[in-house]
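First up is the structure itself, then whatever we jot down about it.
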Amino acid sequence: MAKPERLVIVSNRVAVTTDAARAGGLAVALSELLKKTGGVWFGWSGKVSARPNSHPDTVGRGGVTVATVDLSADDYDEYYSGFANSALWPLFHYRLDLANFNRDFYEGYLRVNRRFAHALEPMLEDDDIVWVHDYHLLAFGEELRRMGCEQPMGFFLHIPFPAPEVLTTLPVHDVIVRAMFAYDLVGFQTEGDRTCFLNYVVNEAGGTVYEDGRVSAFGRTIVAGVFPIGIDADNFAELATSKNAMEHRRRLERVLRRRHAIVGVDRLDYTKGLPERFHAFERLLKHYPENHGRVTYVQIAPTTRADVPDYVHIREELEGIAGKINGEYSELDWTPLRYINRSFSRPALAGIFRLSRVGLVTPLRDGMNLVAKEYVAAQSPRNPGVLVLSRFAGAAHQLTGALVVNPYDEQGVADALQTALNMSLQERKKRWATLVESVRRDDVVGWRESFLEKLKSVVDPKRGRAREKRRVGATR
Ligand code: GDG
């Protein structure tokens, strides 16, 4: 039997673990795969050092080589906080008002992409398959190609791809999209993201789109595909009834005292629509006063990217709104909004989801949104809750059993919450059956397999030729 190709995963941060109780489904799914095929996970160590290593530090963990490099303080400011999180992240989420197009950031981004490529290249073998993840590393493949690497390379964008009208505000938009053409396969979360990419290619780069998914521009032909990411649904469902989950559930039950819970869980990020969501809850209390003393909204929002200034602002803003709502509506024995600015373990989240009558997921823009899928997976089949989901989350294209809302329409979200809180058990069960079927069917294993199968099919003829060439070279 032929030996499976070795997989090399490249992402900004590495997360090799199979402990599903601690890590997200994505980290677990990718590390399981690496263990099967053997492989390398390469990325930033998470450390900032005065003299970053040019050769990766490597650790072997059960057949997987974890290879990491550090960043310098300038790298961190320009590549990570700068171009990735202050230019690309806001821009790709349609927040032009927050985007900072400082040229030093861009230079730093290219420098780190190049340094990462130089660090990985000596570790690559001819038969490797390289799979690069997300917006931090758009230019990584091009740097590897410059060094003569011919391995199949795929890229998956976890966040949305913006419409050309938005993308072209980035002064270096053409350089960035050209770099994406170094990959053989570029994957997006939704058809909408792929369409935005294709529109750019045709209208801005003068490229051609073929019916079979191939796209030509900048002198290269690649394939652009849609691969909606999923979760490990069965595992998350099991977590929801684990001992740890039950403990958290009981603690929450004690404070709820038979009230309904609405739950939100999001990284504290301005794309997640949290101020709008808080205001929508305020409208629920104002326009549907029967919910006073009857409903508690629990919002878990652990801090991320705390050194990017816009993340400090959003935190302050939320504290203000939460204080106002609780100041106005609290009773001696009822706090309407419990806003918790820290993280919980995955089993704890699963337990809290299972207890909550409503899962409130209203990002202003989101590549997919895994929380929506996790909420569905955690529900009890006998008494499932209702998912209220933003139409601007990639997940809305799959999760049609949700109450789909416009997160900018605060009254509309309040009305949907009221509908969810009063929905009959029969209707809840019917909607949940549709939701859970989709979450189980399109899971994280299906996602990774379909991406890699497509990548192999795209490059197969080319790989055949490359092997042939090597064989010819060897007999000379
Ligand atoms: C990006 C894209 C896309 C959250 N709080 C805690 C915690 N979490 C976990 C959730 C979920 C994950 O973090 C968040 O995933 P999302 O998909 O919701 O959002 P992003 O972090 O923005 O992810 C997104 C995703 O990539 C995958 O492609 O869906 O669109 O933006 O798993 O449960 N986990 C723990 N404690 C917390 O307090 N343990």
Side-chain angles (χ1 to χ4, degrees), residues 11-13 15 17 19-30 84-85 88-95 131-136 155-162 187-190 192-193 226-233 235-236 239-240 242 244-245 248 263-274 298-305 311 314 339-354 356 359-378 387 389-390 392-399 439 442-444 447-448 451:
S11 57
N12 177 58
R13 294 297 299 272
T17 172
D19 180 359
R22 282 193 299 119
L26 175 62
V28 174
L30 291 178
N85 285 321
L88 294 178
W89 176 269
L91 181 71
F92 280 39
H93 289 89
Y94 290 73
R95 291 302 301 268
W131 188 5
V132 181
H133 290 260
D134 229 0
Y135 62 102
H136 313 86
F155 176 85
F156 184 75
L157 185 67
H158 289 256
I159 66 175
F161 192 87
F188 300 95
Q189 299 271 28
T190 68
D193 297 319
V226 178
F227 305 90
I229 196 167
I231 63 165
D232 183 342
N235 177 271
F236 204 81
L239 281 187
S242 64
N244 192 340
H248 281 85
V263 67
V265 174
D266 307 75
R267 285 186 305 99
L268 185 52
D269 193 294
Y270 49 77
T271 61
K272 303 291 182 186
L274 291 165
V298 179
Q299 176 63 54
I300 295 170
T303 305
T304 49
R305 304 175 195 167
Y311 288 77
I314 180 106
Y339 167 47
I340 306 172
N341 194 205
R342 68 170 179 84
S343 68
F344 282 77
S345 70
R346 284 180 71 72
L349 292 184
I352 297 168
F353 285 154
R354 194 173 175 97
S356 300
L360 186 54
V361 184
T362 55
L364 303 179
R365 189 84 41 188
D366 217 331
M368 176 55 58
N369 195 295
L370 298 179
V371 170
K373 297 187 173 185
E374 290 165 355
Y375 177 78
V376 169
L387 177 65
L389 177 62
S390 163
F392 302 118
H397 297 271
Q398 296 173 300
L399 302 182
V439 170
D442 301 321
D443 71 351
V444 70
W447 168 76
R448 81 178 188 208
F451 186 93

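When a ligand or atom number is given, it counts from 1 through the structure's own listing order. Along the sequence shown, the residues carry numbers beginning at 1.
- Proximity of Tyr135 to ligand 1 is not established, as no heavy-atom distance is less than 4.0 Å.
- Residue contact check: Lys272 has heavy atoms under 4.0 Å from atoms 19 (O), 20 (P), 22 (O) of ligand 1.
- Tyr375 and Phe353 have perpendicular rings, their planes meeting at more than 60° on a 0 to 90° scale where under 30° would count as parallel.
- Shown here are the salt bridge (charged side-chain N to carboxylate O under 4.0 Å, His left out) partners of Arg13, two or more places apart in sequence or in another chain: there are none.
- With hydrogens and angles left out, the side-chain atoms of Asn244 and Ser242 include no donor and acceptor closer than 3.5 Å.
- Relative to atom 30 (O) of ligand 1, the option among Asp366, Leu157, Val265, Asp134 with the closest non-hydrogen atom is Asp366.
- Scored by the side-chain hydrogen bond (donor to acceptor under 3.5 Å, both in side chains) test, Asp193 finds Thr190 as partners (sequence neighbours excluded).
- Judged purely by distance below 3.5 Å, without hydrogens or angles, the side chains of Asp366 and Asn369 pair a donor atom with an acceptor atom.
- Within the listing of ligand 1, atoms 20 (P), 21 (O), 22 (O) sit less than 4.0 angstrom from a heavy atom of Arg267.
- Taking the six-membered ring wherever Trp is involved, the centroid distance between the rings of Phe188 and Phe227 does not fall below 6.0 Å.
- Figure legend: Arg342 and Phe344 shown as a cation-pi pair, the cationic atom lying under 6.0 angstrom from the six-membered ring centre and within 45 degrees of its axis.
- Residue contacts with ligand 1: His158 is placed with a nitrogen or oxygen under 3.5 Å of a nitrogen or oxygen of the ligand (distance criterion only).
- Atom 17 (O) of ligand 1 has its nearest heavy-atom neighbour, among Ile159, Leu370, Asp266, in Leu370.
- Of all atoms in ligand 1, numbered sequentially from 1 with element shown, those under 4.0 Å from a heavy atom of Gly367 are 30 (O).
- The distance from ligand 1 to the heavy atoms of Arg346 drops below 4.0 Å at these ligand atoms: 32 (O), 33 (O), 39 (N).
- Salt-bridge check for Asp442 with Lys373: failed, with every basic side-chain N at 4.0 Å or more from each acidic carboxylate O.
- Ligand-side atoms of ligand 1 in range of Val371: 10 (C), 18 (O), range being under 4.0 angstrom from any heavy atom.
- In summary, the atoms of ligand 1 found under 4.0 Å from a heavy atom of Gln189, numbered by their order in the structure, are 3 (C), 28 (O).
- Ring-plane geometry between Trp447 and Phe156 is classed as perpendicular, the angle between the planes exceeding 60 degrees on a 0 to 90 degree scale with a lower cut at 30.
- Within the 4.0 Å heavy-atom criterion, the part of Trp89 lying near ligand 1 is the side chain and not the backbone.
- For atom 8 (N) of ligand 1, the candidate residues are Ile231, Leu349, Ile352; the nearest heavy-atom contact is made by Leu349.
- Residue Phe344 has at least one heavy-atom neighbour below 4.0 Å for each of these atoms of ligand 1: 35 (C), 36 (N), 37 (C), 38 (O), 39 (N).
- Residue-level proximity to ligand 1 for Ser343 is carried by backbone and side chain together, each with a heavy atom below 4.0 angstrom.
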